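What follows is a set of notes on a single structure, which appears directly below.
Convention: sequence-line order gives letters A, B, ...; per-chain numbering from 1. Quick caveat, the model's predicted, so the values are computed rather than measured.
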Protein chains: 2
Amino acid sequence: MKEETRQRVMEAAKKLNYVPSALARNFATSRSGNIGVVLPYVPKVHMFSSFFFSEILSGIGNKARELGYDILLLFQTPDESMDYVRWFHAHKIDTCIILGAKDDPEELLALRRLAEEGLPFCLINQHFEGEPFSEVDADHVQGSYMAVRHLIERGYRRIAFMNGPLTYSNSRDRLQGCEKALAEAGLVLKEELIFRGNFSRSSGITAASELMKVIDQVDAVFAANDRMAIGLMQGLRDLGLPEERFPAMFGYDNSDASQVTTPELSSVKVPFYEMGEIAAAEVLKRLEQGAGAPDQPFRIMLPTELVIRASSQNLRF
Amino acid sequence: MKEETRQRVMEAAKKLNYVPSALARNFATSRSGNIGVVLPYVPKVHMFSSFFFSEILSGIGNKARELGYDILLLFQTPDESMDYVRWFHAHKIDTCIILGAKDDPEELLALRRLAEEGLPFCLINQHFEGEPFSEVDADHVQGSYMAVRHLIERGYRRIAFMNGPLTYSNSRDRLQGCEKALAEAGLVLKEELIFRGNFSRSSGITAASELMKVIDQVDAVFAANDRMAIGLMQGLRDLGLPEERFPAMFGYDNSDASQVTTPELSSVKVPFYEMGEIAAAEVLKRLEQGAGAPDQPFRIMLPTELVIRASSQNLRF
DNA sequence: TGAGAAAATGTACGCGCGTACATAAATCGG
DNA sequence: CCGATTTATGTACGCGCGTACATTTTCTCA
C-alpha cells in the first residue's frame, strides 16, 4: 500500500470522525487489550493507601500505558472462590499480575489452574517454592540481613523483630535474613523477642504492649514494614516510655511515612515501582511473542537498599 | 421458561466448563461493562501514593465491584491531546469518573465535548462554574473556614496560608473559606503571608524558606494539604527554627501522614473514600436507567470535618 | 505500446453473543 | 379429548472488525 493512500484514508477517517471500535476489534482478534491486576481482598482496609500497592500499581500502569495496554483492576471478593481463570475465559484480560498473593491451599490451587491452562500471569512479591510460577520479587533475605547487620554494626546486640504474617513468603524471607545476620554475629533471635503483626500501624501499636514487657532486654527493633515500626514507636510513646530509653528502630519499605516521623525512620528501600514496571514488561513481552515461545516461567529478583536515618543512629551507644 | 429447565441448562453449562465470553457479549450489546477512571498525568510522581487518589480509587473500586462493573484505569498522557470521548467511542468504557481535572481551557474543551455528546461522566473534587457537569465534591470552603476559625479561636491571629495551584477549584475554595474566617474575626490575609505549592511535600520544604523570612509575623499556618504542611514543618526545622518558635500548623486531608508526625498534625478530614463510592454509584445508576432518563447533571457536596491534634494546640498562648 | 508488477478496490466470512420470530412440543382447563 | 396456553426448540441475523482472496485499476520499464 502506498503511503499517500494511507494518508488519504486517515484524513477521511478523521473527517468522518471515525474511531475504530476497540470492542469490535478485540472481539475479532479475541484479545481484550487489557492487563488484569489482581488485588487481594482486605476488609476495611483501603487497599491503595498502602505504599506497597500504590507503588506497584503505578509501575504497572506506567509500563502498560507505554505498551498500549489498559489496566483492568480485579478485586478479589471474599465470598466467591478464587477463580483467576474466569477472567481469561471471559476474555476480559489477556494476562494478569497478581498482588498480595498468600501461600495458602486455596490460592495455590487457583494459581496452579492458571499454570496448567498455560495462561500467562505473574506474581509480585510472593514466591511459591517448587511451583513453576513467574514471579517478580525483591531480595528480602538480603534486605533484612543488611538491616539487622547494620544494627549490629552500630553496636546493638539485643535485637527484637516484628514480622508480618508467615503466609507471605516475604515475611519468611525477612525472618531468614534477620536470623542470618544475627547468627553471623553469634547471636540468636530469642522467641520472646519475636512479635507478629499484619503490616498495619495498629498492629504495631498493639504489639508495643508486648514489647514493653521485655523492653529491658531490647536495644533495637527491626520491623517488617514501616507502618508497624511507626506503630511500635507510637505505642511505646503512648505507654510512657521515655525518649532516652527508646530502642533503635529499623523499618522496611522506605515508604513516604518513614520520612515524616521523628526521629526519621531508617528503612529498607524496595523498588516496588520498578517491580511493577518489570512485571508488566515481562508479562506483555511474553504475550506479544505469542504461544509460539517456549514460555518458560521467569523469576526476577531485585536488590534492596538500606536507607539510614536517625532512628538507627547511636542513640544509646 | 421453567425454573427446572433453567437449572438443567446451568448444570450442562458447568459440566462443559462453559464461560460466556464477556468480549462477545459486550460486543453484541455494545457495552463494555467497564467504568473508566481517568488519572491525570503528573510526571515523576507516583500517582497512587497520594492519599487523595488512593482513597478515591478504593471507594470507586468497592462500589463498582458491588454493582458488577470493572474498573479500567485511564492514564492521561502528556503528548496526545486530551480526548475523553475517544474511550467511549472505542467502547472501552461505558461511563467514566475523572480525577484531578484542572480548570484550564484544554480540559474544559474536552469535558464540554463529553457533555455535548451526552456521554455519562462525573468529576470528583473539581467544580467548573456554570458548566453542566456532574460533580462529587467536598465542601472545602466550609473545611477551610472551620480550620482557620479554629486557629483563631485558639488565639492565633497572624495566620499564614499555603495554598495549592489555583487551577483547582478546591484551591480557590480553600482560599475563600480561609478569608471568610479571617474576615469574621476582623482580620485580613496579607499577600506576603500567602504561599503557593503544588501539594507535594517538597514544595512545602521549598516554601519554608519564604515563610522563614516573615516568621516573626506568623503564629499559625494553614496549609491546603497535609503533605505541604509536613514539608513546611520539616523545612522550618531544617532551617534551624527552634521548636518553641514554631507556628501552629493545620493541614488538610487527614491523611495517614498526619498521624505520624511530631507533633501530630491537625487536619481537615475529607471523605475521599465515600466520594469515590458515591461517584461510582451515581454514575452507574444513571447508566442503568439508560438514555430514557432526563439525565440531569448532579452535584453532590459532602461535608468535611476537623480533626484536632497537637499541632494546633496552644503552643504559644 | 504492451507486459508485468504494484496498488487499489471489491467480496465474503467468521468471531460468539443478544434478539426476534417461527415452529414444535408439553401442559392445562373444561 | 380438544383447544388454549405455556414452554421448548429451531432458525436467522447483526454487531464491526480482521483476514483472505479475487478482481480491477494504476504504475513502471522496456
Nearest-nucleotide comparison on DNA chain D, the residue closer to the 5′ end among B:A24 and B:E4:
B:E4

Just so I know, are the side chains of B:R286 and B:F298 near enough to count as touching, which here means a heavy-atom distance under 4.5 Å?
yes

Can you tell me which nucleotide in D:dG14, D:dG16, C:dA7 comes closest to the side chain of B:A28?
D:dG14

Quick note, A:T29 side chain, CB onward, closest among C:dC17, C:dC15, D:dG18 is D:dG18

Rounded interatomic separation in angstrom, taking [atom1] from [X] and [atom2] from [N]:
X	N	atom1	atom2	answer
A:Y18	D:dC17	OH	C1'	7 Å
B:N26	C:dT19	CG	P	13 Å
B:F27	C:dC15	CZ	C1'	8 Å
B:L16	C:dG16	CG	P	15 Å
A:L23	D:dG18	CG	P	13 Å
B:H91	D:dG16	NE2	C1'	9 Å
A:R25	C:dG16	CZ	P	19 Å
A:K2	C:dA5	NZ	C1'	13 Å

Between A:D94 and A:S32, do the side chains contain an N or O donor and an N or O acceptor separated by less than 3.5 Å?
yes

Could you tell me whether the side chains of A:S200 and A:N198 share a donor-acceptor contact shorter than 3.5 Å?
yes

Taking the six-membered ring for Trp, are B:F272 and B:F51 parallel (under 30°), tilted (30 to 60°) or perpendicular (over 60°)?
perpendicular

Would you indicate what A:S21 reaches in the nucleic acid, counting non-hydrogen atoms under 4.0 angstrom: base, sugar-phosphate, or nothing?
sugar-phosphate

